[in-house]
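Scroll down for the structure; my scribbles are underneath it.
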Amino acid sequence: MTDNQPKRILVAPAWPYASGPRHLGHVVGFAVPADIFARYHRLKGNDVLMVSGTDEHGTPTMVVADKEGVSPREIADRYNASIREDLRDLGISYDCFTRTTTQNHARVTQDIFRTLYDNGWLIEQTALGAFSATTGNTLPDRYIEGTCPICGYPQARGDQCDNCGNQLDPVDLINPRSIIDGTTPEFRETKHLFLNLPAFADRLRPWLESKTHWRPNVRNFSLALVDELKPRAMTRDIDWGIPVPVEGYPPETKRIYVWFDAVIGYLSAAIECAANRGEPKSWREWWQNDDAHHSYFMGKDNIVFHTIIWPAMLLGYDIGGEIGAGKPLRQPDDVVASEFLRLGDEQFSASRGVGVNVRDVLERYDPDPVRYYLTAAGPETQDSSFTWAEFIRRNNDELLANWGNLVNRTLTNAYRNFGEVPAPGELTEPDQAVLDAVAAAFGPVGRLIEQSRFKAALAEAMSASTAVNQYISEQAPWSVIKADRARAATILNVALRCVDGLKVLFTPFLPFSSQKLHELMGYDDVLSGPLEFREVEEEEGARHTVLTGDYSGWRRGWGPTDLPAGQRLREPEPLFKKLDPV
RNA sequence: GGCGGCGUAGCUCAGUCGGUUAGAGCGCUGCACUCAUAAUGCAGAGGUCGGUGGUUCGAGCCCACCCGCCGCUACCA
């Protein structure tokens with residue numbers, strides 16, 4: 001990715017589960033890093049395709065639906081709508097943020113499932129499963145509670161006893177009960193189709209070993225798994241999900257495992273996006289192109305699905321059925337997993353009500369301070385804690401004090417004294433040095449973004465901002481102008497050009513304030529525009545709404561700008577609000 | 001239990017293949033400036049790099065053990 005040829009970059013952020021509102025711990029992992037990466041590559045001139053959507057099938061959606069006495073579809077609809085609004089308001093620039101309940105997604109999923117079955121990678125096995133006595137649905141191990149057969153702890157979970165730490169089988173629990181409604185689960189034999197993961201181990205291992213540029217946590221974790229692979233069931237005893245395209249698996253009782261279809265979303269959403277644009281074959285430029293690059297973004301809990309299961313599915317699908325049409329599909333080039341965000345010293349947990357919902361934050365604060373915080377203080381290499389006090393402090397003492405203040409003092413000086421970008425005279429050595437410093441920041445910041453080192457990239461951009469603050473303090477145009485207006489014009493011209501360059505440097509991280517600054521600088525075009533919802537129609541009147549944007553009209557160019565002297569400035573206003581300490 | 005991670009300045013964290021006086025941001029102290037949302041700039045104080053013992057000419061980085069915290073352990077994502 002270091003040459004100058006435009007590249008096809010697939011940005012693949014994990015699919016948020018449509019079973020409830022998403023909190024900061026979710027978006028810090030998949031949304032914000034992916035968006036920084038996507039926006040950077042767009043600025044650089046690459047062909048970015050960022051696709052994802054809400055993950056709507058599976059047990060968690062059903063559990064929520066059962067609790068509320070509504071259909072799973074109703075839950076999925078509700079949270080698809082709220083999650084895509086959260087993501088729009090955070091400025092996550094998806095080319096297509098769709099959902100897994102589309103006809104397109106079902107078609108692609110079934111093609112892959114059927115092809116894996118025909119190729120012999122899905123094998124039928126029977127296992128003892130737990131079922132809810134009231135609904136007849138599968139009861140995942142975690143939803144069963146009982147007395148631990150080892151230590152006698154009365155609230156052991158089906159998979160593990162929280163008291164003695166032993167791993168359990170729900171069948172062995174004394175007095176088992178469903179945590180959903182308290183009834184005793186039924187255990188009976190059930191057949192499923194298992195993906196033969198061990199059969200791929202010898203191809204996955206060297207592939208993983210070759211990924212030396214991955215974050216160590218992702219690579220090491222995956223390599224540890226690859227030697228102990230067991231076949232994994234890809235069907236479930238539920239009636240909410242994509243029907244199994246194999247005989248003997250009626251949709252009334254059996255559906256495809258939610259994770260099987262969720263990872264396929266990266267492919268099906270690319271196909272949908274192409275169709276929505278009226279170029280139905282264009283997705284192949286990303287998926288069947290040796291020069292393309294695929295980067296996946298997620299929390300660490302999703303690693304196994306992206307480094308083992310999805311690659312195995314792609315290997316098994318090989319040159320494909322209907323979708324592949326004779327050519328293999330591209331494997332992940334990078335899998336970027338974040339660690340976990342804690343709330344103070346507690347783990348975020350949707351089920352225990354510990355967390356800060358994206359919506360709650362965005363109702364009180366602008367998106368860029370939130371993005372700044374999640375990038376600067378996010379759990380990039382180890383778990384980190386969110387606190388409101390830290391959020392306020394980062395906003396006031398870093399974002400506003402350094403970058404916001406630089407913009408404000410520069411624009412205020414220039415606007416008040418000249419009303420436009422003043423024409424420069426001859427440049428002094430310090431003038432050239434600060435311009436060079438800003439220009440020189442693009443290389444490292446870009447490289448760090450490409451390496452998924454977003455924290456360091458943002459710090460690098462901030463230090464470039466510091467350099468310009470230093471320059472202005474040393475040159476003191478407010479003082480110079482009293483005796484030498486021409487020299488003050490030169491200083492402010494240089495400062496404005498620096499700010500204009502920094503604006504681009506900050507755009508991937510802070511798209512909203514960068515666009516606002518773009519306008520204050522007197523530009524009329526779009527650096528980073530609004531995202532939008534579009535309705536998509538499928539067969540028989542089925543409709544859904546996708547989050548997208550018209551990125552083709554956004555300004556390109558990863559480097560210093562060519563700010564024209566004489567360009568009228570607009571009346572300055574602060575980019576960021578000072579927040580009251582909590 | 002097994003596997004893995006973490007413990008570096010008051011706070012949050014960087015420290016790539018072990019190599020000169022251990023870094024950053026914020027906070028703190030002093031000075032300067034006063035264009036700017038009291039925001040900026042300069043200077044400075046502050047760490048026996050969790051503990052113990054090893055390997056090495058040399059260890060924050062490697063090894064062993066110990067203490068503390070955490071995650072994963074796959075039909076919950």
Side-chain angles (χ1 to χ4, degrees), chain A residues 14-17 19 26 55 58-61 63 127 129-130 138-143 157-160 164-167 170 190 192 194 197 216-217 220-221 224-225 228-238 257-260 262 298-305 308-309 339-340 342 345 347 350-351 376-377 380-385 387 389-390 393-394 396-398 400-414 416-417 453 455-456 458-460 462-463 466 468-481 488 492 495 572-579:
Chain A
W15 292 55
Y17 221 85
S19 60
H26 294 117
D55 183 8
T59 315
T61 306
V63 169
T138 297
L139 220 38
D141 294 354
R142 277 277 281 266
Y143 290 115
R157 294 183 323 207
D159 56 343
Q160 184 176 25
C164 66
N166 281 294
Q167 229 180 125
T190 176
H192 284 293
F194 286 68
L197 289 171
N217 64 333
N220 293 341
F221 180 72
L225 294 174
E228 296 171 34
L229 292 175
K230 285 178 283 193
R232 182 163 171 143
M234 292 294 148
T235 51
R236 290 291 183 277
D237 293 294
I238 54 177
Y257 172 43
V258 61
W259 261 109
F260 184 93
M298 69 208 68
K300 62 181 168 185
D301 49 346
N302 281 354
I303 292 173
V304 63
F305 301 103
I308 303 285
I309 295 176
E339 302 292 302
F340 285 148
R342 294 191 306 271
D345 51 11
Q347 201 64 238
S351 54
E380 194 167 290
T381 54
Q382 61 179 283
D383 292 357
S384 70
S385 293
T387 64
E390 261 297 283
R393 191 197 66 69
R394 292 258 185 192
N396 291 352
D397 298 342
E398 296 182 10
L400 185 152
N402 185 339
W403 169 231
N405 181 51
L406 170 64
V407 169
N408 200 231
R409 68 197 300 212
T410 305
L411 288 182
T412 303
N413 267 289
R416 191 175 297 162
N417 291 302
R453 298 184 57 190
K455 216 182 247 206
L458 181 54
E460 192 73 25
M462 285 297 277
S463 79
T466 298
V468 182
N469 265 322
Q470 286 169 340
Y471 167 81
I472 294 188
S473 291
E474 283 163 11
Q475 298 300 317
W478 53 89
S479 165
V480 169
I481 197 166
L492 286 171
E573 52 180 283
L575 247 32
F576 309 108
K577 295 188 198 87
K578 183 127 188 168
L579 304 174

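Naming: A, B, ... by sequence-line order, numbering from 1 per chain. In this text, all values refer to a predicted model and were calculated from it rather than measured experimentally.
Nearest nucleotide to the side chain of A:Ser384, out of B:A36, B:C75, B:C13: B:C13. Side chain of A:Trp478, nearest nucleotide from B:C33, B:A77, B:U37: B:C33. When the nucleotides B:U40, B:A74, B:G71 are ranked by their closest atom to the side chain of A:Leu229, B:A74 comes out on top.
At B:G71, none of the side-chain N or O atoms of A:Lys300 fall inside 4.0 Å of OP1 or OP2 (strictly under the cut-off). Residue A:Arg416 places at least one side-chain N or O closer than 4.0 Å to OP1 or OP2 of B:A36. Contact annotation: A:Gln470 does not reach the phosphate of B:U40 (side-chain N/O to OP1 or OP2, under 4.0 Å).
Here B:G60 sits opposite no nucleotide as a Watson-Crick or G-U wobble pair (both hydrogen-bonding atom distances under 3.5 Å). For B:C31, the paired base is B:G41 (Watson-Crick or G-U wobble, both distances below 3.5 Å).
With C1' as the reference atom, B:G25 and B:G15 are 15 Å apart, rounded to whole Å.
Looking at heavy-atom distances under 4.0 Å, A:Ala377 makes no contact with the nucleic acid at all.
Ion pair A:Glu339/A:Lys300 flagged as a salt bridge, since at least one NZ, NE, NH1 or NH2 atom sits closer than 4.0 Å to an Asp/Glu carboxylate oxygen.
Side chain of A:Asn413 to main chain of A:Leu492: no donor-acceptor pair is present (N/O by atom type, distance under 3.5 Å, no hydrogens or angles).
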